[in-house]
Amino acid sequence: MKLNEIHILTNIGTLHTFAGGPRRGIKLADTSPILNGAIAWDHSGTILSVGTKDEVRKKFQSENILWHDAGGRIVTPGLVDSHSHSVNAGSRANEFVMRCQGMEYMDILQAGGGILNSADKTRLASAGELVEIGRENLRKSLSFGVTTIEIKSGYGLETEAELKMLRAAKTLARTQPVRIKSTFLGAHAIPREYKKKPDDYVALICNGMIPAVADEKLADFCDVFIEQGVFSVEQGKIILEAGLKYGLKPKVHCDEIIPIGGTEMCVDLGAVSVDHLIAITDKGIGKLAGSETVGCLLPGTSYFLKKPFAPCRKMIDAGCLLALATDNNPGSSRTENIQWILNVACLYYGLKPEEAFSMATINAAKAIGMDDTIGSLEVGKMADFVIWDTDDLNEIPYHHSVNHVKEIIIGGELVSNNDQN
Ligand code: NIG
Ligand code: FE
């Protein structure tokens, strides 16, 4: 892009801007739409103007303008996948087959499979292999409209292998277009070698892994799988406080299966998000509602594990700030298709499509601490957006498991063109 060039995308049927910040309660259904919209951005990919096509046109009459035409289609901000495990090695299709025949997810983990199965494979993978696996996963995420993604470690469970995963994510951030935020999840499971001395593993995380991660600036957030039989609330607190000392904000798996007080503890620590919340209690909901912590809901996981769905409407009514994400991982939610996640959320949480989109754009940006720069289309933010092959937002969750993307723009550059549409 040349320095003085200005790009204007015009003839947008409805421009769903999601302007005005993260949303709660009834505001969740407001996409801040502009009919007959247009959007202008500069050579650096920063948005210069958003409005009706006449308003935007008037502003830049005499400049060096490159015009683009959306053909009456709708445009939204790029989708933000605020919870994924997109760097790991090895399929667990065999465990999927076992679960289809009735075996429980947590029983597979207790028997040494599950996360530990993926850790065996990830420890053996080379750094280059992990980058290439991650690249392929991100290519799929991007194809479905994801322009920013959060990626966790957590399949190394030993210092070098955890660092290898996070370095792979860092390489991907440099070498492919999707924006990435990284989360250190050394506390994803107790590795076999520490089964009889879990507190020693907690100490290794706090005194060995976290300082090493921080030293190389490999992560933005620190995560713990707080769950009965995995890490207790007390262990979680020790790890998250150690992370905070090194500038890693808590972003935590909790209340997924049995509520043990994870949400309450994490909100008190100022977590950027608490994720899953299938089993959140009324006390947890009250605590979350009174905070800036985002509840990140993962309906694809409920579906894939045949578990109940998080009480989303109850949380919306209570005033919680909520996001949606894929949780793409080899065990409990194997999908990059965030459009399908919108379908599951609409059906099983009882959401309006507008609510689901708010949760996967501006609120998801808040769930990774990026709501100042992405997640909505406003002057000064990044020109990250999707041109959808429809003039109606409802079509996207309604006609599920197909791809509605027409074009994807990140930082003002066309990065994906769906030839099928
Ligand atoms: O978010 N709950 C813990 N972690 C992941 C699953 C990881 C796996 O099974 O590999 C989750 O569901
Ligand atoms: Fe997860």
Answer yes or no: is there a donor N or O on one side and an acceptor on the other, between the side chain of [X] and the main chain of [Y], under 3.5 Å?
{"X": "Glu336", "Y": "Leu138", "result": "no"}
{"X": "Glu129", "Y": "Ser126", "result": "yes"}
{"X": "Asn137", "Y": "Ser86", "result": "yes"}
{"X": "Glu378", "Y": "Ala19", "result": "no"}
{"X": "Asp42", "Y": "Gly45", "result": "yes"}
{"X": "Asp384", "Y": "Gly411", "result": "yes"}
{"X": "Arg334", "Y": "Asn329", "result": "no"}
{"X": "Glu355", "Y": "Leu28", "result": "no"}

Side-chain ion pair, [X] and [Y], N-O less than 4.0 Å:
{"X": "Asp223", "Y": "Lys152", "answer": "yes"}
{"X": "Glu162", "Y": "Arg123", "answer": "no"}
{"X": "Glu292", "Y": "Lys366", "answer": "yes"}
{"X": "Glu104", "Y": "Lys307", "answer": "yes"}
{"X": "Lys249", "Y": "Asp220", "answer": "no"}
{"X": "Arg135", "Y": "Glu132", "answer": "yes"}

Next item on the list: Compute both the distance and the angle, then confirm whether Arg99 meets the cation-pi test with Phe304: under 6.0 Å from the six-membered ring centre, within 45 degrees of the axis.
Entry: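 Flagged: Arg99 positioned over aromatic ring of Phe304.
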Note to self: One pair to check against side chain to side chain donor-acceptor pair (under 3.5 Å): Asp389 and His404. What are the steps and the verdict?
What the structure shows: CA-CA 5 Å; Asp389 196 30; His404 294 274; over 6 Å; no
Next item on the list: Please determine which of Arg192, Lys196, Lys197 meets the side-chain contact (heavy atoms from CB on, under 4.5 Å) test together with Tyr194.
Entry: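 Single side-chain contact (heavy atoms from CB on, under 4.5 Å) partner of Tyr194 among Arg192, Lys196, Lys197: Lys197.
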Could you tell me whether the side chains of [X] and [Y] share a donor-acceptor contact shorter than 3.5 Å?
{"X": "Trp388", "Y": "Thr76", "result": "yes"}
{"X": "His7", "Y": "His68", "result": "yes"}
{"X": "Asp275", "Y": "His253", "result": "no"}
{"X": "Asn337", "Y": "Thr335", "result": "no"}
{"X": "Thr183", "Y": "Glu150", "result": "yes"}
{"X": "Ser32", "Y": "Arg23", "result": "yes"}
{"X": "Asp255", "Y": "His276", "result": "no"}
{"X": "Lys381", "Y": "Ser376", "result": "yes"}
{"X": "Asp81", "Y": "Ser84", "result": "no"}

Next item on the list: Quick one: closest heavy-atom pair of Ala325 and Pro299, and the distance?
Entry: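 So the minimum-distance heavy-atom pair works out to O-CD, 4.2 Å.
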Taking atom [atom1] of [X] as the centre, report whether more than 12 heavy atoms of other residues, nucleotides or ligands fall under 6.0 Å from it.
{"X": "Lys121", "atom1": "NZ", "value": "yes"}
{"X": "Lys283", "atom1": "NZ", "value": "no"}
{"X": "Gln228", "atom1": "CD", "value": "no"}

[X] [atom1] to [Y] [atom2] distance, which is reported to the nearest 0.5 Å:
{"X": "Phe225", "Y": "Leu109", "atom1": "CZ", "atom2": "CG", "value": "7.0 Å"}
{"X": "Phe184", "Y": "Leu248", "atom1": "CZ", "atom2": "CG", "value": "8.5 Å"}
{"X": "Ile338", "Y": "Asn328", "atom1": "CD1", "atom2": "CG", "value": "10.5 Å"}
{"X": "Ser49", "Y": "Leu377", "atom1": "OG", "atom2": "CG", "value": "12.0 Å"}

Notebook entry, point to check: Is the ring centre of Phe357 less than 6.0 Å from the ring centre of His16?
Noted result: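 No, too far apart.
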Check: Going through the distances and angles, do Thr122 and Asn88 end up as a side chain to side chain donor-acceptor pair (under 3.5 Å)?
Finding: CA-CA 6 Å; Thr122 304; Asn88 63 77; 5.4 Å; no
Margin query: Is there a salt bridge (Lys or Arg N to Asp or Glu O under 4.0 Å) between Glu234 and Lys237? Walk through the geometry before answering.
Written below: CA-CA 5 Å; Glu234 293 68 31; Lys237 189 161 186 250; over 6 Å; no
Next item on the list: Describe, in one word, how the ring planes of Phe309 and Tyr349 are oriented to each other, choosing from parallel (under 30°), tilted (30 to 60°) and perpendicular (over 60°).
Entry: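 Correct class here is perpendicular.
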Notebook entry, point to check: Given Lys287, which of Asp268, Thr293, Asp282 fulfils the side chain to side chain donor-acceptor pair (under 3.5 Å) condition?
Noted result: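 Going through Asp268, Thr293, Asp282 one by one, the side chain to side chain donor-acceptor pair (under 3.5 Å) with Lys287 is satisfied by Asp268 alone.
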Next item on the list: Go through Arg167 and Glu160 one step at a time and tell me if the salt bridge (Lys or Arg N to Asp or Glu O under 4.0 Å) criterion holds.
Entry: CA-CA 10 Å; Arg167 287 185 196 126; Glu160 261 318 305; 3.6 Å; yes
Next item on the list: Check the pair Val178 / Ser141 against side chain to side chain contact (heavy atoms under 4.5 Å, CB included), numbers first and verdict last.
Entry: CA-CA 9 Å; Val178 179; Ser141 297; 5.7 Å; no
Margin query: As a quick check of understanding, evaluate side chain to side chain donor-acceptor pair (under 3.5 Å) for Asp392 and Thr390, giving each step before the final call.
Written below: CA-CA 5 Å; Asp392 178 6; Thr390 173; 5.8 Å; no
